[in-house]
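Single-structure report; data block below.
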Amino acid sequence: MKEIRDFRKIIENHNIPEILDREYIINLYKESKYYEAFAFTMMWGKINAERPQKGYKGDKTRTPFYCALNHGKINIENALIASKKELENSNIKGAYQLFNSDYKIPGIGSSYFTKILFFQGLANNMEVMPLIYDKWTKLIHVELLVEENEIDKLTQFYSKNQLSKLSTESANYTEMGLSIKIKRNSSNLDISIKDNFEEEAYADYVNRMNVLASNYGIKVNSLEEYLFGKELRSKKNRNKSNPRVVLLEAINKNLARLFDN
DNA sequence: TGTCAAAATCACATCTAGGT
DNA sequence: ACCTAGATGTGATTTTGACA
């Protein structure tokens, strides 16, 4: 209860801009307003504040955002301070690992806590820029590993079974004249927890993207933004100039070849 | 055929029960 | 022990369909 009041207080005290843009959030990190930075990062990422976890139908106190805020201001601040410290030592793996162990924030999985790392990287102009690691950027990682012929790493990080399904499963976009097929469920690319390769996979992705961007002489977040592409929700975005579509096509083709579908 | 409203579908991530 | 499918709510978009 007290924890939620802390959140209410910052909402009341902030002149929240109509559009919550990156600059606004980066400044919160620069000013070391960790709790505010966290809350606005989550809102920027459109964290679910309405939908309770499985088994808690109708209970709004079991939504990811509520669970996270309920963890308390101090704990959240400590988590962000700890991850910043790891990043300052260029320890991407360590920063990632924190949020899965000692500084776990309930309701906040890798898709969301990597958003924190991303902003911390931007705010402090880190040497190696951390990136957001979610469903789509994991697909970018998969494709990079395939293209760079790192098949051992690919199957070490990601489940072989799930990879093979990427080119065969359910929904397809044949109406675009494409043969893209991809499973709709977001769990399709959950990283194998076996042997704790999760943070290693993340560090590998971040590193590859940083190297790639540096080779092209562009900023890594620009590269990510480009590769991430436009959402596919809207039909008008489903065309061959959308990088997501290109990505899916490439993955389909490459994984079908690799796994003999 | 055009219009508008109603109904259906989809995108998203986290967590956990249950299967192998 | 490892892995996977499914539940869960909302708002945006798309499809359906009623009617002139």
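What you see below is based on every heavy atom in this structure, not just the backbone, and it leaves out hydrogens, waters and symmetry mates. Chain naming here is simple, since letters A, B, ... match the order of the sequence lines and numbering starts at 1 in each.
A:T41 is linked by a side chain to side chain donor-acceptor pair (under 3.5 Å) to A:Y29, counting only residues two or more places apart in sequence or in another chain. Partners of A:Y112 under the ring pair (Phe, Tyr, Trp, His ring centres under 6.0 Å) rule, at least two apart in sequence or in another chain, do not exist in this structure. With sequence neighbours excluded, the residues that form a side chain to side chain donor-acceptor pair (under 3.5 Å) with A:N91 are A:E86.
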Please set out all donor-acceptor pairs under 3.5 angstrom arising from side-chain atoms of residues 144-152 of chain A, sequence neighbours excluded.
| from | atom 1 | to | atom 2 | distance (Å) |
| --- | --- | --- | --- | --- |
| A:E148 | OE1 | A:R208 | NH1 | 2.5 |
| A:E150 | OE2 | A:R208 | NH2 | 3.3 |

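Taking the six-membered ring where tryptophan is involved, the planes of A:F228 and A:W136 are perpendicular, since the angle between them exceeds 60° and thus also 30°.
Where A:R62 and A:K115 each meet DNA chain B at their nearest nucleotide, the meeting point lying more 5' is that of A:K115.
Atom CZ of A:F113 is separated from atom P of B:dT14 by 8 Å (rounded to the nearest Å). For the pair A:F197 CZ and C:dC3 C1', the interatomic distance rounds to 16 Å; values are reported in whole Å. What separates OH of A:Y112 from P of B:dT14 is a distance of 7 Å, to the nearest Å.
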Write down the protein N/O and nucleotide N/O pairs, taken from nucleotides 10-12 of chain C, whose separation is under 3.5 Å; answer none if there are no such pairs.
| from | atom 1 | to | atom 2 | distance (Å) |
| --- | --- | --- | --- | --- |
| C:dT10 | OP1 | A:K60 | NZ | 3.3 |
| C:dG11 | N2 | A:R233 | NH1 | 3.0 |

Next on the checklist: One pair to check against ring-ring contact (aromatic ring centres under 6.0 Å, His included): A:F119 and A:W44. What are the steps and the verdict?
Outcome noted: CA-CA 11 Å; A:F119 279 116; A:W44 175 80; 4.9 Å; yes
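Between A:F65 and A:F7, the gap from one ring centroid to the other is short of 6.0 Å.
Remark: A:K135 is not in phosphate contact with B:dA13, judged by side-chain N or O atoms under 4.0 Å from OP1 or OP2. An OP1 or OP2 oxygen of B:dT14 is reached within less than 4.0 angstrom by no side-chain nitrogen or oxygen of A:K104. For B:dT14, one of the phosphate oxygens OP1 or OP2 lies less than 4.0 angstrom from a side-chain nitrogen or oxygen of A:S111. At the phosphate of C:dC2, neither OP1 nor OP2 sits under 4.0 Å from any side-chain N or O atom of A:S159.
Both tests do not hold together for A:K138 against A:Y158: distance to the six-membered ring centre under 6.0 Å, angle to the ring axis within 45°.
Over its length, the helix from B:dT1-C:dA20 to B:dT20-C:dA1 turns its helix axis by 60°, as judged from the five terminal pairs at each end, rounded to 10°.
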